[in-house]
Asker: 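Let me give you the structure first, and then I'll get to my questions.
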Amino acid sequence: MKKILKVLLGTSFALLYLFSVGSCGYGGGGGGYGAGFGGAYADKEAAGGMDAPTEGENGALDEDASMDEESKKEEEIVQKPAGLITAGAWNDNDNYEYWKTLFSQDGETTGKFYEYSKAENSWGFNSYNRVKVTVKNGETPVAGATVTAKNEKGDVFFTSKSDANGVAYVFTDEQAGIVEAVSGAGQATSEFTLENREIEIELGENEVKKNIIELMFVVDVTGSMGDELSFLNNEIADVVNRVAQADSATQINLALLFYRDHVDSEVFKYYDFEDVTNADGLAKQQAAIAAQRATGGGDYAEAVEEALAMAVEKQWSEAATTKIIFQVLDAPPHSGTNNQTKMNAAAIAAAAKGIRVCPVLCSGADEVTEYVMRQTAVYTGGTFVFVTDDSGIGNPHYDPNLPNVTVEALNSLMVRLINGYHSGTFAEPIDWRQEVK
């Protein structure tokens with residue numbers, strides 16, 4: 001199996017090269033070589049050491065020189081197949097007290113998201129009123145338990161699923177209420193109050209977690225995403241390969257959803273879950289990624305909320321499995337009332353299914369994108385990821401200015417998160433410079 005995956009990875013290098021050539025010309029704009037390798041041929045280091053195309057006597061590209069240059073580009077891609085994109089990660093549930101300060105105002109100090117704490121700006125989110133629930137069977141954490149917050153009348157406020165450590169997060173304005181945990185034949189309740197919002201629930205029985213990872217990439221493929229999209233094929237293939245090699249007993253089911261905006265002729269393109277620990281399944285999904293083109297989009301905002309809602313509604317397992325969405329984007333949802341409601345509802349639905357949404361912000365994102373996607377990550381127990389400028393790849397990236405974040409290689413970061421959500425133990429991040437070969 002491992003040898004087959006390595007062969008497929010080698011094949012994907014050629015697919016990436018063909019995709020990069022086919023998607024756009026040298027001039028950048030939609031993610032050509034200029035954007036995809038650092039934005040300028042003049043900067044040879046950022047561009048992987050490549051020279052600008054040479055011209056013949058008539059000012060046109062010299063055919064032989066052009067062919068040599070194409071060979072150099074292909075060789076460069078093969079030599080550096082993955083790990084070029086750099087990123088940081090931040091889990092707001094792990095830093096919850098810091099998260100709450102972003103919505104507060106204390107004298108002259110105003111939190112970054114203070115304006116969003118007001119109802120008219122909140123998009124319906126209320127993640128700064130949290131109850132943390134840990135579900136156990138004796139000393140063993142219970143993964144995949146359904147955890148529901150209710151009032152004394154039985155009205156449900158929020159539902160989520162416990163993670164590999166038995167931890168679930170529910171959000172409610174209620175100062176007091178009841179939390180119920182259910183897993184298999186086990187069922188138990190506990191009360192929460194204004195003072196006690198971290199509680200443990202003991203279950204006598206529980207469903208055994210399945211050794212399956214359900215992974216979906218939800219990717220903005222509008223024109224502005226060309227700089228990152230041209231690297232995505234190899235990044236995903238490398239991530240899947242490394243997770244599979246680390247634990248050959250784990251089945252990885254991968255789905256793909258690509259989206260644009262309403263002005264485009266094709267807004268959504270979906271590829272259903274395939275077992276990518278199977279050679280045929282991996283090859284099928286890699287071909288789907290390689291077939292994408294970064295085009296369209298029109299205005300700044302994209303169909304983010306509809307894409308997430310569609311992703312959550314797909315055929316996820318009802319069993320206790322590891323479920324993760326990486327939503328890769330560089331623009332926010334549309335800000336109309338209906339769009340905000342749909343975005344909030346999609347996050348709530350993801351939490352109820354136990355899907356950890358891990359947004360990946362790319363070049364061009366802004367504060368609204370950060371706010372909405374961090375809220376989504378908090379609601380679902382996910383991790384906020386943002387691509388950085390350290391690699392020199394792509395256009396300038398939005399900096400969320402988070403404290404003490406280690407800049408990692410994006411592929412290694414994703415592997416770390418997937419393994420962490422599946423096992424309950426998150427490896428320490430490794431500085432991307434330590435991984436540069």
Side-chain angles (χ1 to χ4, degrees), residues 1-6 8-10 12-13 16 80-91 94 143 163-165 209 211-219 228 231-256 273-279 281-282 285-286 289 321-328 355-362 377 380-388 390-391 393 405-437:
M1 168 59 69
K2 294 178 182 178
K3 289 182 179 179
I4 294 173
L5 289 173
K6 287 180 180 179
L8 284 169
L9 278 172
S12 75
F13 304 157
L16 173 61
K80 298 181 180 180
L84 296 179
I85 300 177
T86 54
W90 182 263
N91 189 306
D94 289 345
D163 62 18
N165 291 313
K209 182 181 178 182
N211 199 17
I212 297 173
I213 296 172
E214 293 173 297
L215 183 64
M216 185 184 294
F217 281 82
V218 179
V219 186
E228 275 95 6
F231 285 82
L232 191 58
N233 189 13
N234 282 0
E235 296 292 329
I236 293 177
D238 179 74
V239 167
V240 169
N241 185 49
R242 289 168 60 183
V243 173
Q245 284 188 334
D247 183 2
S248 59
T250 300
Q251 179 177 324
I252 306 170
N253 298 331
L254 174 65
L256 305 164
F273 286 102
E274 295 282 346
D275 178 2
V276 290
T277 50
N278 173 286
L282 180 60
Q285 298 301 60
Q286 285 182 267
I289 299 166
T321 59
T322 301
K323 306 177 182 74
I324 304 171
I325 286 177
F326 285 107
Q327 185 157 5
V328 186
I355 303 168
R356 318 297 167 188
V357 179
C358 298
V360 182
L361 263 63
C362 298
T380 62
T383 300
F384 173 68
V385 180
F386 53 98
V387 177
T388 72
D390 297 82
S391 65
I393 291 173
V405 171
T406 300
V407 177
E408 306 172 66
L410 177 61
N411 59 331
S412 295
L413 189 160
M414 288 181 172
V415 170
R416 184 172 68 81
L417 293 183
I418 294 168
N419 288 336
Y421 281 114
H422 191 56
S423 68
T425 301
F426 289 83
E428 290 296 318
I430 298 175
D431 188 291
W432 72 284
R433 290 166 293 189
Q434 297 180 27
E435 297 200 38
V436 174
K437 300 296 188 290

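One-based numbering along the sequence shown.
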Asker: Rounded to the nearest 0.5 Å, what's the gap from OG1 on T250 to CD1 on I418? Could you check?
Answerer: 11.5 Å
Asker: Find the distance between OG1 (T406) and CH2 (W90) and round it off to the nearest 0.5 Å.
Answerer: 10.5 Å
Asker: What's the spacing between E235 CD and N411 CG if we round to 0.5 Å?
Answerer: 4.5 Å
Asker: Dump the intermediate steps for side-chain contact (heavy atoms from CB on, under 4.5 Å) on L417 and F326, then the final yes or no.
Answerer: CA-CA 10 Å; L417 293 183; F326 285 107; 4.1 Å; yes
Asker: Sequence neighbours left out, what passes side chain to side chain donor-acceptor pair (under 3.5 Å) with D390? Give chain and number order.
Answerer: T388
Asker: Within the 4.5 Å heavy-atom criterion, are V243 and L215 side-chain neighbours or not?
Answerer: no
Asker: To the nearest 0.5 Å, tell me how far I252 CD1 sits from N211 CG.
Answerer: 9.5 Å
Asker: Are the side chains of C358 and M414 in contact, using a 4.5 Å heavy-atom criterion?
Answerer: no
Asker: Kindly compute the distance separating CG (L256) from CD (E274), expressed to the nearest 0.5 Å.
Answerer: 9.5 Å
Asker: For E214, what residues pass the side chain to side chain donor-acceptor pair (under 3.5 Å) criterion, not counting sequence neighbours?
Answerer: T321
Asker: Looking only at heavy atoms, which two atoms of G83 and A409 are closest? And how far apart?
Answerer: O-CB, 3.9 Å
Asker: Between V405 and F386, is any pair of side-chain heavy atoms under 4.5 Å apart?
Answerer: yes
Asker: Looking at every non-hydrogen atom in both residues, tell me the closest pair between A255 and Q285 and how far apart they are.
Answerer: CA-NE2, 3.8 Å
Asker: Look at the side chain of K323 and the backbone N and O of M216, then say whether any donor-acceptor pair between them is shorter than 3.5 Å.
Answerer: no
Asker: With salt bridge (Lys or Arg N to Asp or Glu O under 4.0 Å) as the rule and sequence neighbours excluded, what pairs involving residues 407-423 come up?
Answerer: E408-R416
Asker: Closest approach of L413 and A89, non-hydrogen atoms and distance?
Answerer: CD1-CB, 3.8 Å
Asker: Quick check: closest heavy atoms across N91 and G382, and the distance to 0.1 Å?
Answerer: ND2-O, 3.5 Å
Asker: Quick one: list whatever passes side chain to side chain contact (heavy atoms under 4.5 Å, CB included) with Q251, sequence neighbours left out.
Answerer: I212, N253, D275, T277
Asker: On a heavy-atom basis, which atom in T86 and which in S391 lie closest, and how many Å separate them?
Answerer: OG1-N, 3.2 Å
Asker: Sorted by first residue and then second, give each salt bridge (Lys or Arg N to Asp or Glu O under 4.0 Å) pair with at least one member in residues 420-431; sequence neighbours left out.
Answerer: D431-R433
Asker: In chain order, what residues pass the side chain to side chain contact (heavy atoms under 4.5 Å, CB included) check against R356, with sequence neighbours excluded?
Answerer: K161, D163, Y421
Asker: Heavy atoms only: give me the nearest L410-A87 pair and the separation to one decimal.
Answerer: CD1-CB, 3.8 Å
Asker: Distance from I213 atom CD1 to S423 atom OG, nearest 0.5 Å?
Answerer: 9.0 Å
Asker: Between L361 and F384, does the side-chain contact (heavy atoms from CB on, under 4.5 Å) criterion hold? Intermediate values first, please.
Answerer: CA-CA 8 Å; L361 263 63; F384 173 68; 3.6 Å; yes
